[in-house]
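Take a look at the structure set out below.
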Protein chains: 2
Amino acid sequence: MPRSGKEARARLEQAALELYLEHGFDAVTTAEIAARAGVTERTYFRHFPDKREVLFEGERRLTGWVTEALAAVPDEVAPWPAMRRAIDLIVPSLEESGRAGNRLAAIVATTPALRERAAAKEANLVALVAGLLVERGAPADEADLVALTEWGVLAHAIRTWRAAPGTPLQRHVDRAFALLGGLAGA
Amino acid sequence: MPRSGKEARARLEQAALELYLEHGFDAVTTAEIAARAGVTERTYFRHFPDKREVLFEGERRLTGWVTEALAAVPDEVAPWPAMRRAIDLIVPSLEESGRAGNRLAAIVATTPALRERAAAKEANLVALVAGLLVERGAPADEADLVALTEWGVLAHAIRTWRAAPGTPLQRHVDRAFALLGGLAGA
DNA sequence: GTCCGTAGTGTCAGTCACCGACATTAACAC
DNA sequence: GTGTTAATGTCGGTGACTGACACTACGGAC
């Protein structure tokens, strides 16, 4: 019953999240996820390529935000400040999805297989950013270095932000950039 | 026949490398690797936890180098310059293992599953470095940021070095640090 | 030399992630 | 109603990975 297809996908996401939280990633089978979602195991694999990917829908939104944010910065702006501005543009979206992000980070942090996937996603994102900077006219190796470094700073800021609940993310971002500037400038 | 155990492990590494190069990672089964190495599939999994790990012995050496290099830098040196010095100490070792590294990078770059593992290894290494810096007395978040950034710079330098055969790695490292200093200082 | 503990291996049976091929059904257009 | 299409169900299979148990080569104790 092709009841729009999107419904099944959403139910699978929900079921997977619940089961992973209840019993841990390793103790859950894809068949169980499918059963709770009311579909067949085969249907699960039509919506997601493997057992892990069901948890990373948020990451897809993130790549969208990054692309939009960089597109919103004028091409004349040099790579480093352009990325810096783009990060400021993304911060509110990140802050909004903070709760879901936290819950997810908890599962991911405790299971190696998911940390692997997360690390890979991050690497892909850095590559995407570098590519976008090149399209804006940056030299390839400068783009690479800027993407790597600034994304690293953002990732760091997110971590310290998660460790200090209630504080605004923007402050952590500013602080991290200032810290890096002092370190790398000398 | 426990013919020292190390021999079987080495044969497995060799067999896996050959087969992966010949037919590609996905087209090779662990049973085939074991067969070429003259052991059982079960024995393969006694030496390596999964199909991918057999390719990452070099990474283990790398973590050793990093630990030693950081230990060789006096504790009085601040985190950023300490890591900077440690990288200079590692460069020769990296340069020596350049050939093997290139061959491996080629396989890894072309298969997503291996890129995932590589990304995870890199993240673990950054975490290790941050931990070592903390042991030296650095504040946790500064250690995190320094490890992230400087390791990123090194990774970037290695990439440009691979793209420019024949040039010394140290030059790429110096160049990348200079570039970052100019970017992040402003 | 015999005995014995240990480490490395073989064997077997099983679970589970994942995939190809084909049949089926709901919804929608006409 | 009929045809089309997208989503699903069904079936069978492959291959990564694991637990349990038996076996065999080696080293040392005596």
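Keep in mind that what you see is a predicted model, and the values were worked out from it rather than measured. Here is how names work: the chains are called A, B, and so on, in the same order as the sequence lines, proteins then strands, and each is numbered from 1.
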Applying salt bridge (Lys or Arg N to Asp or Glu O under 4.0 Å) as the test, list every pair that has at least one member in residues 73-86 of chain B; sequence neighbours left out. B/D75-B/R136, B/R84-B/D88, B/R84-B/D174

Whole angstrom value for the distance that separates C1' of D/dA16 from CG of B/L12: 15 Å

Round to a whole Å and report the spacing from CG of B/D26 to C1' of D/dA16. 13 Å

Tell me whether the side-chain N/O atoms of B/H47 come closer than 4.0 Å to OP1 or OP2 in C/dT9. yes

Those residues at least two apart in sequence (or on a different chain) that pass side chain to side chain donor-acceptor pair (under 3.5 Å) with B/D26 are none

Without decimals, in angstroms, what is the distance between B/R9 CZ and C/dT9 C1'? 15 Å

Please state how far atom CD in B/E32 lies from atom C1' in D/dT14, giving the value in whole angstrom units. 12 Å

Take the protein atom CZ of B/R117 and the nucleotide atom P of D/dA16, then report the distance between them rounded to whole Å. 14 Å

Applying side chain to side chain donor-acceptor pair (under 3.5 Å), name anything that partners B/E41, two or more places apart in sequence or on another chain. B/T30

By side-chain contact (heavy atoms from CB on, under 4.5 Å), which residues pair with A/I107, not counting sequence neighbours? A/L17, A/Y20, A/L21, A/L114

To the nearest 0.5 Å, how far apart are CZ in B/R162 and CG in B/L169? 9.5 Å

Residues in side-chain contact (heavy atoms from CB on, under 4.5 Å) contact with B/L180, at least two apart in sequence or another chain: A/W80, A/L145, A/T149, A/A184, B/W80, B/T149, B/V153, B/A184

Provide, to the nearest angstrom, the distance between the NE2 atom belonging to B/H23 and the P atom belonging to D/dG15. 14 Å

Could you encode protein contacts along nucleotides 18-23 of chain C as a string, one character per nucleotide from 5' to 3', using B for base contact, S for sugar-phosphate-only contact and - for no contact, with a heavy-atom cut-off of under 4.0 Å? BBBB--

Below the 4.0 Å mark, does D/dT8 have OP1 or OP2 next to a side-chain nitrogen or oxygen of A/T43? no

Round to the nearest Å and state the distance from B/E7 atom CD to C/dT9 atom P. 9 Å

